[in-house]
Amino acid sequence: MEIELKDGSKLSLDGAMSAYEVAKHISEGLARAAIVCKIDGQLASMDTVVDGDCKFEVFTFDSEEGKRVYRHTCAHILAQAVKTVYPTVHFAIGPAVDNGFYYDFDFKTPITQADFDKIEAEMKSIIKANLPIKRMVVTRAEAEKIIAKMKQPYKVELLADIPEGEEISFYQQGDFIDLCSGPHLTSTGKIKAFKLTSLTGAYWRGNEKNKMLTRIYGTAFEKKADLDEYLTKLEEAKMRDHNKVGRELGFFMTDENIGQGLPLIMPKGARVIQLMQRFVEDEEQKRGYLLTKTPIMTKNNLFITSGHWDHYKDKMFYIGEEDVDDEILCLRPMTCPLQFTIYKNGLKSYRDLPVRYAETATEFRKEASGEMHGLTRIRQFTLADGHIVCTPDQLEKEFQGCVDLIKYLAGVFGIADDIWYRFSRWDPKNSDKYVGTAEEWERVENTMKNILDDLGIKYEEAWGEAAFYGPKLDVQGRNVHGKEDTLFTVQIDFSLAKRFDMIYIDENGEKAVPYIIHRSSIGCYERTLGMLIEKYNGAFPMWLAPEQVRVLSLTDRTVDIVNEITEMLRSAGLRAEADVRSEKLGKKIREAQLEKVPYILVVGDKEAEQNVVAVRHRSEGDLGTMSVPDFVSKCLLEIATKQIK
């Protein structure tokens, strides 16, 4: 048989053999390191028999494919260990994820992280036993019998979801069997280093109407040194988590009497959001955006017209019931239908386009309880929302303007190096999730692809991630734990203008339907605040710092001059506070540093006599003495140039 390798070279082999044996013919070292392979583009375990001509590729742990198979196998080992330690447990799903894996369990009695030691001990026993992992392909009837014997109700649901005619497979290691498409490692002994990392609640299938399960997270590596390095980074990440730092520094809080996903933004956090909002709104105005202010509540008629009621209703908060109430009112999940209504107030000519609307909008989405975290995923949020109505000829230039605005703002806020781009496309296999025809989607996606390529944007493609009304460019980022999330979006909408009967009069005096671009310049302010807290570990750049200067009295004799200096700084536009407590200077300085105040001014008898202040910077230390006017000039320059230190 002839094996075509990744580099296009050919390998001639006699007779059928395992993928591992094929790898040995390529390289002994490659075979030893092999985790999984691809045979004619399909991932397969290394014990899969190769018995004919094919394209063949081997993946080690260094590849994304290798890491996922390795960690998926460790998830099965976790499930086997939990089933051994807790025989009555029901297990649900256990995939590999970025940086590790998890498995969801339904325990008869709750467990805590204190139980991890005995679970890990059992996992180590399973790994030491080096159990072979075997794949079994069965009929649906056979699968039903296996699951009935397992007495695992969640697997019954999962089996029912497998379409008729699709292959059904189980994986077995020792006496543990799991419904799974695989592939996996060939034996449990190939796992070298692992650690269970956390425990949380997760609704079955992410639906808060379903039962809350226990999700156990873990990670696995080929080398203990790599695991130790990762765990160290994980601890460092926990220390920078905005959910921890933001609360400790008083940026935000939550209260169970108010509700999950409804954070209280405290004075420091509110000040940062205000600064961001003012800057963004001013920049949008410079770029020709018209400011709107629309109701946070509206009749559901608008969302029926837009299609959100059919495609997005489960994510919406509303008052009233269909077929019962004459009027159903919705808390808006987005502003687009409202801004479209403003556009329709008066007939537009092609000379009036493009029209760019922007709004700092409070919006509401019914996020699942298991998805909410700090400021990252919340139920009420403030969005830098906007919509551009334009002609087909203006589409590329307007799209470019949206991307340019996002890049500029990301640079000013210091996160330009932390973002990347994703071209989110529709899923033609699930066309009922979208509006429009296949031909319309193909036309608009090709248009968007050409625009992205013309702009030289490097992007990944993600099928099935489009909005229901059009493709989008998602600007992606990661939190300190490595979890990827969409920060901002630019979307091309080919559908809603027709639904809302939005028109303009073209050059020929004929009615024409415009394109619409949905965009968010800096995303959700709360989420971006959380990202910036993590980026700067709470030590915001001078221009964004909620408190920029703290003035300390060295003795009671300098209290009055400290208060005078503080008022001078405030009059100059600086956010300054005075600390005139009868405490030791060292304690005052430590407290200001812990609160990440950029500048600390100390005024003692000597400084008061000489009309100067002793200046300390939170990271640069002692900067010597200077006059108040000189210090003010230094600060105002740093703020005006939006320096990031």
Side-chain angles (χ1 to χ4, degrees), residues 64 67-68 71 95-102 195-202 206 215-219 229-254 260-263 265 268-269 272-273 276 365 367-384 406 409-411 413-422 424 460 462 465 474-489 520-541 544 596 644:
E64 189 61 33
K67 286 184 177 69
R68 286 195 168 270
R71 289 165 174 166
V97 293
D98 291 344
N99 298 319
F101 59 89
Y102 70 79
K195 183 68 179 175
L196 300 183
T197 55
S198 62
L199 177 149
T200 187
R215 177 169 294 177
I216 298 177
Y217 282 98
T219 191
E229 180 183 356
Y230 172 78
L231 293 176
T232 298
K233 289 180 178 178
L234 194 63
E235 287 304 311
E236 292 172 354
K238 289 178 181 177
M239 297 301 292
R240 295 178 73 95
D241 189 331
H242 80 275
N243 213 10
K244 175 179 184 295
V245 176
R247 293 173 191 272
E248 290 176 347
L249 292 179
F251 283 90
F252 75 98
M253 62 173 285
T254 53
Q260 192 177 10
L262 299 170
I265 308 299
K268 287 184 180 180
V272 175
I273 288 177
M276 293 166 61
R365 296 181 188 175
E367 300 288 357
S369 298
E371 294 294 319
M372 287 183 286
H373 172 76
L375 300 176
T376 302
R377 188 76 65 176
I378 53 182
R379 286 176 168 164
Q380 175 182 310
F381 56 93
T382 310
L383 188 67
I406 287 171
L409 293 176
F413 290 113
I415 57 175
D417 294 335
D418 304 319
I419 59 176
W420 65 96
Y421 301 93
R422 185 181 77 183
S424 294
E460 304 167 355
E465 294 296 330
D474 289 326
V475 183
Q476 302 294 104
R478 293 186 190 278
N479 65 15
V480 289
H481 301 290
K483 185 179 183 299
E484 181 178 340
D485 209 345
T486 298
L487 305 177
F488 333 124
T489 64
S520 174
S521 56
I522 199 62
C524 162
Y525 281 103
E526 291 86 354
R527 180 182 297 175
T528 304
L529 172 62
M531 183 181 185
L532 293 176
I533 290 172
E534 294 182 353
K535 170 74 176 181
Y536 298 113
N537 197 21
F540 280 83
L544 270 178
K596 316 289 179 125
I644 298 173

Undergrad: Can you name the closest pair of heavy atoms from G411 and I644 and give their distance?
TA: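 So the minimum-distance heavy-atom pair works out to O-CD1, 4.1 Å.
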Undergrad: Is any side-chain heavy atom of V245 less than 4.5 Å from a side-chain heavy atom of N537?
TA: yes
Undergrad: The test is side-chain contact (heavy atoms from CB on, under 4.5 Å); show your working for I522 and F413 and say whether it passes.
TA: CA-CA 10 Å; I522 199 62; F413 290 113; 3.7 Å; yes
Undergrad: Within a reach of under 6.0 Å around NZ of K195, are more than 12 heavy atoms found that belong to other residues, nucleotides or ligands?
TA: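 Counting other residues, nucleotides and ligands, NZ of K195 stays at 12 neighbours or fewer.
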Undergrad: How are the rings of F252 and H242 set relative to one another: parallel (under 30°), tilted (30 to 60°) or perpendicular (over 60°)?
TA: tilted
Undergrad: Evaluate side-chain contact (heavy atoms from CB on, under 4.5 Å) for Y217 paired with L199, printing each intermediate quantity in order.
TA: CA-CA 6 Å; Y217 282 98; L199 177 149; over 6 Å; no
Undergrad: Which pair of non-hydrogen atoms, one from L383 and one from C524, has the smallest distance, and what is that distance?
TA: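 The answer is CD1-N, 3.6 Å.
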Undergrad: Does any non-hydrogen side-chain atom of I216 lie less than 4.5 Å from one of L196?
TA: yes
Undergrad: Quick check: closest heavy atoms across V272 and F251, and the distance to 0.1 Å?
TA: CG2-CE2, 3.9 Å
Undergrad: Any side-chain heavy-atom pair from F101 and P95 closer than 4.5 angstrom?
TA: no
Undergrad: Any Lys/Arg nitrogen of E248 or K244 sitting under 4.0 Å from an Asp/Glu carboxylate oxygen of the other?
TA: yes
Undergrad: Does the side chain of I419 reach to within under 4.5 Å of the side chain of L487, using non-hydrogen atoms?
TA: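 Yes; the side chains approach each other to less than 4.5 Å.
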Undergrad: Answer yes or no: is there a side-chain heavy-atom contact under 4.5 Å between H373 and D241?
TA: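 Of all side-chain heavy-atom pairs linking D241 with H373, at least one is under 4.5 Å.
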Undergrad: Has the side chain of R247 got a donor or acceptor atom that lies under 3.5 Å from a matching backbone atom of N243?
TA: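 Yes, because the side chain of R247 sits within donor-acceptor range (under 3.5 Å) of the backbone of N243.
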Undergrad: Check the pair M531, R527 against side-chain contact (heavy atoms from CB on, under 4.5 Å), reporting the backbone distance first and the verdict last.
TA: CA-CA 6 Å; M531 183 181 185; R527 180 182 297 175; 5.8 Å; no
Undergrad: Answer whether the closest heavy-atom distance between the side chains of Q476 and T486 falls below 4.5 Å.
TA: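 With C-beta onward as the side chain, the pair touches.
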Undergrad: How long is the gap from CZ on R379 to CD on Q260, to the nearest 0.5 Å?
TA: 6.0 Å
Undergrad: Return the OH to CD1 distance between Y536 and I415, rounded to the nearest 0.5 Å.
TA: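 The CD1 atom of I415 is 8.0 Å from OH of Y536, to the nearest 0.5 Å.
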Undergrad: Per the salt bridge (charged side-chain N to carboxylate O under 4.0 Å, His left out) rule, which among K483, R68, K67, R71 passes with D98?
TA: R68
Undergrad: To the nearest 0.5 Å, what is the distance between CD1 (I265) and CD1 (I273)?
TA: 4.5 Å
Undergrad: For the atom pair CD (E484) and CZ (R422), what is the distance rounded to the nearest 0.5 Å?
TA: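 The CZ atom of R422 is 6.0 Å from CD of E484, to the nearest 0.5 Å.
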Undergrad: For the backbone of V480 and the side chain of E534, can you confirm whether one donor and one acceptor N or O come within less than 3.5 Å of each other?
TA: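 Such a contact is found between E534 side chain and V480 backbone.
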Undergrad: Quick one: do K238 and E235 make a salt bridge, cutoff under 4.0 Å?
TA: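 A salt bridge is present here (some side-chain N lies under 4.0 Å from a carboxylate O).
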Undergrad: Within this structure, what is the CE-CD distance for the pair M276 and E526, rounded to the nearest 0.5 Å?
TA: 9.0 Å
Undergrad: Would you call I533 and F540 a side-chain contact if the rule is heavy atoms closer than 4.5 Å?
TA: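 I533 reaches F540 side chain to side chain.
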Undergrad: Of all the heavy-atom pairs spanning F488 and S520, show the shortest one and how long it is.
TA: CB-O, 3.4 Å
Undergrad: Spell out, as yes or no, whether a donor-acceptor pair under 3.5 Å connects the side chain of T254 to the backbone of P263.
TA: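 Here the side-chain-to-backbone pair does not exist.
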Undergrad: What are the two closest non-hydrogen atoms of K535 and G414, and how far apart are they?
TA: CE-O, 3.1 Å
Undergrad: Taking N99's backbone N and O only, do any of them form a donor-acceptor pair with T219's side chain (distance below 3.5 Å, no angle check)?
TA: yes
